[in-house]
Amino acid sequence: MRLTQIFAAASLALLSTFAMADDSAEKAIRKSLETLQLETPVESITASPMGGLYEVKLKGSRVLYASADGQFVVQGYLFQLKDGKPVNLTEKTERLGISKLINGIPVAETVVYPAIGETKTHITVFTDTTCPYCHKLHAEVPELNKLGVEVRYVAFPRQGLGSPGDEQLQAVWCSADKKAAMDKMVDGKEIKAAKCANPVSKQFALGQSIGVNGTPAIVLADGQVIPGYQPAPQIAKLALGAK
């Protein structure tokens, strides 16, 4: 059962502090979530900043909220009013989770286009060599590199595993020089590479777990996900400003 079929969105605001969920609340919440047959496993349950409300982190960074007795479960944004301004605590938590997942990908398992001169930041791009907008973004990678942005490609066959895009991406990742292979494949040239153990399916699953459903999908160092193509200057501005 999909989350969007289960929960209504909600916006909440209040001040408090984080704490671990007590055993009775965690057990009650987990029992309730089991009856909902969620597709995504629960990673942790902690007290939220709002008294009586618990934060449920799902694998892949999604966040839900639940009452201590587990009878109420909410999917939506939790806001904290700070100095008269709303702070989206849900978004901050989800970005932190995505950042840990994405920045935890071994660089050796990505196709890296290093910054020219000082590396000021990096972005991780879920790409598909059959995607026209991925080609458009790829043409602007040199500009991003000149601006100090390292580009790390990860695989996301948009038509699924076993698709032509999947086969192409596997060929890139199985090439001795992945960067050269990526350039050729995007340029429409065929490359030949022996089958090998590769991270394409793992990266595809990771993308799905954080909500990627199309390419390109750009993830900044702080975990912010930018869906779709954006011009290099705009990407660089966002990437360099990410905290």
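Values in this document were obtained by computation on a predicted structure and should not be read as measured data.
- With hydrogens and angles left out, the side-chain atoms of His135 and Asp187 include no donor and acceptor closer than 3.5 Å.
- One finds the OG atom of Ser44 at 7.0 Å from the CD atom of Glu55 (value rounded to the nearest 0.5 Å).
- Judged by distance alone, with hydrogens and angles left aside, the side-chain atoms of Glu140 form a donor-acceptor pair with the main-chain N or O of Ala232 at under 3.5 Å.
- Contact between Phe126 and Thr215 at its shortest, heavy atoms only, is O-CG2, 3.6 Å.
- A heavy-atom distance below 4.5 Å is found between the side chains of Leu161 and Pro157.
- Annotation: side chain of Gln80 is not in contact with side chain of Pro86 (no heavy-atom distance under 4.5 Å).
- Between Phe156 and Phe204, the ring-plane angle classifies as tilted under the 30° and 60° cut-offs.
- The minimum heavy-atom distance linking Ile191 with Met185 is given by the pair CG1-CE, 3.3 Å.
- Val225 and Tyr229 fall into different hydrophobic clusters, defined by Ile, Leu, Val, Met, Phe, Trp and Tyr side-chain heavy atoms under 4.5 Å apart, directly or through other members.
- Taking the six-membered ring for Trp, Phe72 and Tyr65 have ring centres at least 6.0 Å apart.
- Both Val141 and Ile123 belong to a single network of hydrophobic side chains, linked directly or stepwise wherever heavy atoms of I, L, V, M, F, W or Y lie under 4.5 Å apart.
- At a cut-off of 3.5 Å, with distance as the only test, no side-chain donor of Tyr133 or Gln230 sits close to an acceptor on the other residue.
- Although no hydrogens or angles enter the test, the distance criterion places no donor-acceptor pair under 3.5 Å between the side chain of Thr121 and the main chain of Val149.
- The line from CG of Leu64 to CD1 of Ile29 is 10.5 Å long, rounded to the nearest 0.5 Å.
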Atom pairs and distances, donor-acceptor, side-chain atoms in residues 101-109, under 3.5 Å, two or more places apart:
from   : atom 1 : to     : atom 2 : distance (Å)
Asn103 : OD1    : His122 : NE2    : 2.9
Asn103 : ND2    : Ser99  : O      : 3.1
Asn103 : ND2    : Ser99  : OG     : 3.0
Asn103 : ND2    : Ala221 : O      : 3.0
Glu109 : OE1    : Lys202 : NZ     : 3.1
Glu109 : OE2    : Lys202 : NZ     : 3.4

message: For Val56 and Val63: C-alpha separation, side-chain torsions, deciding distance, then whether side-chain contact (heavy atoms from CB on, under 4.5 Å) applies.
response: CA-CA 6 Å; Val56 181; Val63 174; over 6 Å; no

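- Closest of all the heavy-atom pairs between Ala194 and Cys174 is O-CB, 3.3 Å.
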side-chain contact (heavy atoms from CB on, under 4.5 Å) between Lys184 and Glu190, worked out: CA-CA 7 Å; Lys184 289 178 181 178; Glu190 285 190 30; over 6 Å; no

task: Test Ile45 against Arg30 for side-chain contact (heavy atoms from CB on, under 4.5 Å), laying out the working first.
output: CA-CA 9 Å; Ile45 298 174; Arg30 285 187 181 275; 3.5 Å; yes

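- To the nearest 0.5 Å, the span separating CZ on Arg95 from OG1 on Thr90 amounts to 12.0 Å.
- Side chain of Asn198 to main chain of Val200: a donor-acceptor pair is present (N/O by atom type, distance under 3.5 Å, no hydrogens or angles).
- Rounding to the nearest 0.5 Å gives a distance of 7.0 Å between CG of Leu169 and OG1 of Thr127.
- The shortest side-chain heavy-atom distance between Lys27 and Ser24 does not fall under the 4.5 Å cut-off.
- A donor-acceptor pair under 3.5 Å is formed between the side chain of Asp128 and the backbone N or O of Arg158.
- Residues Val212 and Ile98 share a single hydrophobic cluster, defined by chaining ILVMFWY side chains whose heavy atoms lie under 4.5 Å apart.
- Atom CD in Glu94 sits 9.0 Å away from atom CG in Leu58 (nearest 0.5 Å).
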task: Dump the intermediate steps for salt bridge (charged side-chain N to carboxylate O under 4.0 Å, His left out) on Glu26 and Lys31, then the final yes or no.
output: CA-CA 8 Å; Glu26 181 168 353; Lys31 184 176 180 180; over 6 Å; no

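- Looking at every heavy atom in both residues, Ala28 comes nearest to Ala68 through CB-O, 3.7 Å.
- By the 4.5 Å heavy-atom criterion applied to side chains, Ser209 and Arg62 are not counted as neighbours.
- Using a 4.5 Å heavy-atom cutoff, the side chains of Pro49 and Leu89 are in contact.
- One N or O on the side chain of Tyr113 and one on the backbone of Lys179 form a donor-acceptor pair closer than 3.5 Å.
- In this structure, the side chain of Ser163 engages the main chain of Asp166 through a donor-acceptor pair within 3.5 Å.
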message: Assess the residue pair Ile218 and Ile235 against the criterion (side-chain contact (heavy atoms from CB on, under 4.5 Å)); give the C-alpha distance rounded to whole Å, side-chain angles, the decisive distance to 0.1 Å, and a yes or no.
response: CA-CA 9 Å; Ile218 303 160; Ile235 294 173; 3.5 Å; yes

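- Note on Ile226 and Tyr153: same hydrophobic cluster, where clusters join Ile, Leu, Val, Met, Phe, Trp and Tyr whose side-chain heavy atoms are under 4.5 Å apart, directly or indirectly.
- In the model, Thr129 has a side-chain atom that pairs as donor or acceptor with a side-chain atom of Gln168 under 3.5 Å.
- Minimum interatomic distance between Leu238 and Leu220 (heavy atoms only, all atoms of both residues): O-CD1, 3.6 Å.
- Ion pairing of Glu150 with Arg152 is present here, as a side-chain N (NZ or NE/NH1/NH2) and a carboxylate O approach within less than 4.0 Å.
- Listed here is the closest heavy atom pair of Asp69 and Ser32: O-OG, 4.4 Å.
- Side-chain N or O atoms of Gln203 include one that pairs as donor or acceptor with a backbone N or O of Ala155 at under 3.5 Å.
- For Asp177, the CG atom counts as densely surrounded, since its 6.0 Å shell holds more than 12 non-hydrogen atoms of other residues, nucleotides or ligands.
- Note: the hydrophobic cluster containing Trp173 does not contain Val112 (ILVMFWY, side chain heavy atoms under 4.5 Å, direct or indirect links).
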